[in-house]
Trainee: 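Following this message is one structure expressed as structure tokens.
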Number of protein chains: 4
Amino acid sequence: MPEEDRRFIRATNAEAREIKRRALMKAALASFVERGYDRTTVSAVTKAAGESVGTFYLYFENKLQVYRSLYREALEMLRRHLEEAMRKPHPTVTGEVRALALSYLEFSREKRDYYLILSSQHLGQQDFINDGFLKDRLDTEALALLKMIDRILRRGIDGGEFRRHDTWKTTMIFWGMMDGLLLLNERSNLALSNSGLEDLVLYSVDLCLRGISIS
Amino acid sequence: MPEEDRRFIRATNAEAREIKRRALMKAALASFVERGYDRTTVSAVTKAAGESVGTFYLYFENKLQVYRSLYREALEMLRRHLEEAMRKPHPTVTGEVRALALSYLEFSREKRDYYLILSSQHLGQQDFINDGFLKDRLDTEALALLKMIDRILRRGIDGGEFRRHDTWKTTMIFWGMMDGLLLLNERSNLALSNSGLEDLVLYSVDLCLRGISIS
Amino acid sequence: MPEEDRRFIRATNAEAREIKRRALMKAALASFVERGYDRTTVSAVTKAAGESVGTFYLYFENKLQVYRSLYREALEMLRRHLEEAMRKPHPTVTGEVRALALSYLEFSREKRDYYLILSSQHLGQQDFINDGFLKDRLDTEALALLKMIDRILRRGIDGGEFRRHDTWKTTMIFWGMMDGLLLLNERSNLALSNSGLEDLVLYSVDLCLRGISIS
Amino acid sequence: MPEEDRRFIRATNAEAREIKRRALMKAALASFVERGYDRTTVSAVTKAAGESVGTFYLYFENKLQVYRSLYREALEMLRRHLEEAMRKPHPTVTGEVRALALSYLEFSREKRDYYLILSSQHLGQQDFINDGFLKDRLDTEALALLKMIDRILRRGIDGGEFRRHDTWKTTMIFWGMMDGLLLLNERSNLALSNSGLEDLVLYSVDLCLRGISIS
DNA sequence: CATGAATGAGTATTCATTCAT
DNA sequence: AATGAATGAATACTCATTCAT
């Protein structure tokens, strides 16, 4: 049978299955981000992925499970992205914090959809979407991130770069500030140019760091 | 039909109409915040408000319009709340900024539902929810708020409290930071105690102000 | 607006509502009997009843509930039908039993659909269809019917018509026999003419009664 | 593909084929009886039989055909079971009829699933399930069974055990009665103990026979 | 003005059957 | 022969909105 007569590709091995799964998740992600959970229809997702409805249910238990898979994945990606940035050596702790901030900014741009899934999380009050598992996961990951920042700040104190202070508070402020700025940028038409946002982020970091810096 | 058979009150004057309208909006707000827009049903809202479905459509064009009305209202309330805080005289500009921050915090607690409507706005990328009108309004109000902060900062410079710097950037950072902290508090189980949050907010303000303060 | 432009009738009072409800139940009954529970679609039922799908759910919680309602109703109708037959005075107990048998036969003909709903009950092993409530109801009603027969037989003994024997056993045999004959008639193409079945039923009653009659 | 990678057994000869076929039918029977025709899924049947979906369609045209095969088989089994009982010599015709009744009872217990398939047949008004072929078959077999009983009764008359009467009617009554009692037992919670049912069956036979016996 | 019955398009999910491997 | 991935039609149920009363 000529290749072009084929209506669909049979995923017979693990790899092929994974490709289809990814295609479906990708389409789902795009829709969740563009239209939100409830307005995302399974049928539209499959159409976008070039699969049939039935196929969707071959790969996912139901609509909610894809959402959760995506959420978990986003969380994981963010963690990896930030860890990556931390791996490089930095002469000063100040530089390290700046790098972390830029890395988050980068993530929000390079993996915009994943970032949006994560940031829409307060939509997550809607507890139908967040079972205990996801909540725990979220807390664990978020906590890990915050602790990472906290450790950096402590190092700054130990190294004499920062004055002695409540690092945990500063950590939360850093994180909240970053989130807040990205959100502000995201939602408002006041939206800044790319370089503008980068500028702003660095400026904010400097502002805060100055507040805790020695001399 | 004899008067005593009527189960409902006929709103013949503006005041009575307004009461019904408020009841419906209140019920809608509660549901939007608890269940989200899509999972809020008109029928449930009217039931909660003790009105009939038909009545709903007498007072609102459709479901979306109530949402928009609530959003506008929330925006307006926030503006008034902050303006109120600004009306009192403050010996130092630093104190004024602190008061502003605390006022926002207060709003997020006293008018929690309205605050949540505003903060879920990034859900609002979903453009079905944001027509041009709402977007303009949002921008106008948000801009007004930001400008208010900017003015305060400029006054701080003029009065010699702050060093000369890009106040607009600082403004955005202030706003983003506040939003970010409230969000962080809202979404995470790490949630702080009441006094803890207040503390954190003041701490963050101080941190930033120290960054722009003279001496 | 001229009468013929009306798309539907608004059931505003209890009576009108009842009429619609009946129409839906009737259509559902016909379909359940003809096609079985699973192959009965709500949409087909509503179409047959001249109503819309939504209307169906205005009158019934779901498909299963209509089925249960019909089942309950059928049970109730059968009981009333047989009681009616028993109300008339009968010179002999033998005559009374014959009348009862004929009454059941009559029911199976006059209310064929209801009879079929009842008789398909062993389909009811499928416990999804029979909740505790229905089962209890069924047992109660069935027991009442059987007891009714038992009482008659006892009266026959007391009156000297029948010899002393285990009336409960005979009762079960009577009932089983009737059911069995109607079923045999229903399912086989051997099907008897109307008068043939009547004949057979009376013959079977006589046969059994002779077995317990004195002399 | 190397031999050892094969997870399945290739049925290359008639015997191996028959084994697979039986496994599928057995699983199907269990499901039909437990869940009913419509709620039986091909996929569940194959899973239970340890075969793949595709294999199912290798052995059966479709779902309906298995059902029909099972039905035919059940009919055949019942006939053989009863014939078996008739093969033994019986001193009296009365004893023979009793033996026949007990044999049917035995069948309903030993081959419960097959018995249930047969007895749910009035579900079979649903003509999707009964094509002409099955109907004819049913009639032929049923008729054969009935004729067998009829012959016994005639022999009873000829032998002077029973009085002269319409044996065909009695035959139908016998059959209906048996079916009715088993059904009554099956569906009601009033359900009798094992010995109770046996008792009842024999009692019913005696009752009827007394009605046609010569003094 | 107020009501709530009626509508029917819309959506998640299932499952018999096919067919490339 | 055997497999099981893929298909998509089918179906129960929901809900925003209308409009006769």
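Reminder, nothing fancy here: chain letters follow the sequence lines and each chain counts from 1.
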Trainee: Using whole Å, what does the distance between atom C1' of nucleotide E/dC1 and atom CD of B/Glu51 come to?
Mentor: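 So the two atoms are 11 Å apart, to the nearest Å.
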Trainee: DNA chain E: A/Thr40 or B/Gly54, which has the more 5' nearest nucleotide?
Mentor: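 The residue whose closest nucleotide sits nearer the 5' end is B/Gly54.
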Trainee: To the nearest Å, how far apart are D/Arg35 CZ and E/dT14 P?
Mentor: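 One finds 15 Å between P of E/dT14 and CZ of D/Arg35, rounded.
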Trainee: Rounded off to whole Å, could you give me the CG-to-C1' distance for the D/Asp38 and F/dA10 pair?
Mentor: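 Rounding to the nearest Å, CG of D/Asp38 and C1' of F/dA10 are 13 Å apart.
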Trainee: Round to a whole Å and report the spacing from CZ of C/Phe56 to P of E/dA6.
Mentor: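 From C/Phe56 CZ to E/dA6 P: 14 Å.
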Trainee: Among E/dT13, F/dA16, E/dC1, find the nucleotide with the atom closest to the side chain of B/Thr41.
Mentor: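 The nucleotide sitting nearest to the side chain is F/dA16.
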Trainee: How many Å lie between NZ on A/Lys47 and P on E/dT11, as a whole number?
Mentor: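 Computing the A/Lys47:NZ to E/dT11:P distance gives 11 Å.
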Trainee: What nucleic acid atoms does A/Tyr59 come within less than 4.0 Å of, heavy atoms only: base, sugar-phosphate, or nothing?
Mentor: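 Result for A/Tyr59 = sugar-phosphate.
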Trainee: What is the distance, rounded to the nearest whole Å, between atom CG of C/Leu24 and atom P of E/dT7?
Mentor: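 Atom CG in C/Leu24 sits about 10 Å away from atom P in E/dT7.
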Trainee: C/Glu61 CD to F/dT14 C1': how many Å, rounded?
Mentor: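 Checked: the CD to C1' distance equals 14 Å.
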Trainee: D/Tyr57 side chain N/O closer than 4.0 Å to the phosphate oxygens (OP1, OP2) of F/dG4?
Mentor: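 No.
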Trainee: Salt bridge or not between D/Arg21 and D/Glu51? Use side-chain N to carboxylate O under 4.0 Å.
Mentor: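 Here D/Arg21 does not pair with D/Glu51 in a salt bridge, since their nearest N and O are not under 4.0 Å apart.
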Trainee: Where does the angle between the aromatic ring planes of D/Tyr71 and D/Tyr67 fall among parallel (under 30°), tilted (30 to 60°) and perpendicular (over 60°)?
Mentor: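 If you compare the ring of D/Tyr71 with that of D/Tyr67, the planes turn out parallel.
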Trainee: Please tell me if D/Thr55 has a side-chain N or O lying less than 4.0 Å from either OP1 or OP2 of F/dT3.
Mentor: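 Answer yes for this pair, as a side-chain N or O of D/Thr55 is under 4.0 Å from OP1 or OP2.
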Trainee: Heavy atoms only, 4.0 Å cut-off, all strands: where does C/Val42 land among base, sugar-phosphate and nothing?
Mentor: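 Sugar-phosphate: the residue C/Val42, judged by heavy atoms under 4.0 Å, touches backbone atoms but no base.
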Trainee: Is C/Lys20 positioned over the aromatic face of C/Tyr59, cation under 6.0 angstrom from the ring centre and no more than 45 degrees off axis?
Mentor: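 No.
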Trainee: Taking for each residue the nucleotide of DNA chain F with the nearest heavy atom, is it D/Leu58 or A/Ser52 whose nucleotide lies nearer the 5' end?
Mentor: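 The residue whose closest nucleotide sits nearer the 5' end is D/Leu58.
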Trainee: Let me see the working for C/Thr55 and C/Ser52 under side chain to side chain donor-acceptor pair (under 3.5 Å), right down to the final yes or no.
Mentor: CA-CA 5 Å; C/Thr55 300; C/Ser52 72; 3.0 Å; yes
Trainee: Using heavy atoms to find the nearest nucleotide of DNA chain E for A/Lys63 and C/Gly50 separately, return the residue whose nucleotide is more 5′.
Mentor: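 Result of the comparison: C/Gly50.
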Trainee: What does E/dA2 pair with, Watson-Crick or G-U, if both distances are under 3.5 Å?
Mentor: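 Check on E/dA2: paired to F/dT21, both distances under 3.5 Å.
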Trainee: Between atom NZ in B/Lys20 and atom C1' in E/dA2, what is the gap in whole Å?
Mentor: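 After rounding, the gap between these two atoms is 6 Å.
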Trainee: Would you mind checking if D/Arg68 and D/Glu61 are paired as a salt bridge, meaning a charged N to carboxylate O distance below 4.0 Å?
Mentor: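 So D/Glu61 does not pair with D/Arg68 through a salt bridge.
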Trainee: Got a donor-acceptor pair under 3.5 Å from the side chain of A/Arg10 to the base of E/dC19?
Mentor: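 Donor-acceptor pair under 3.5 Å: yes.
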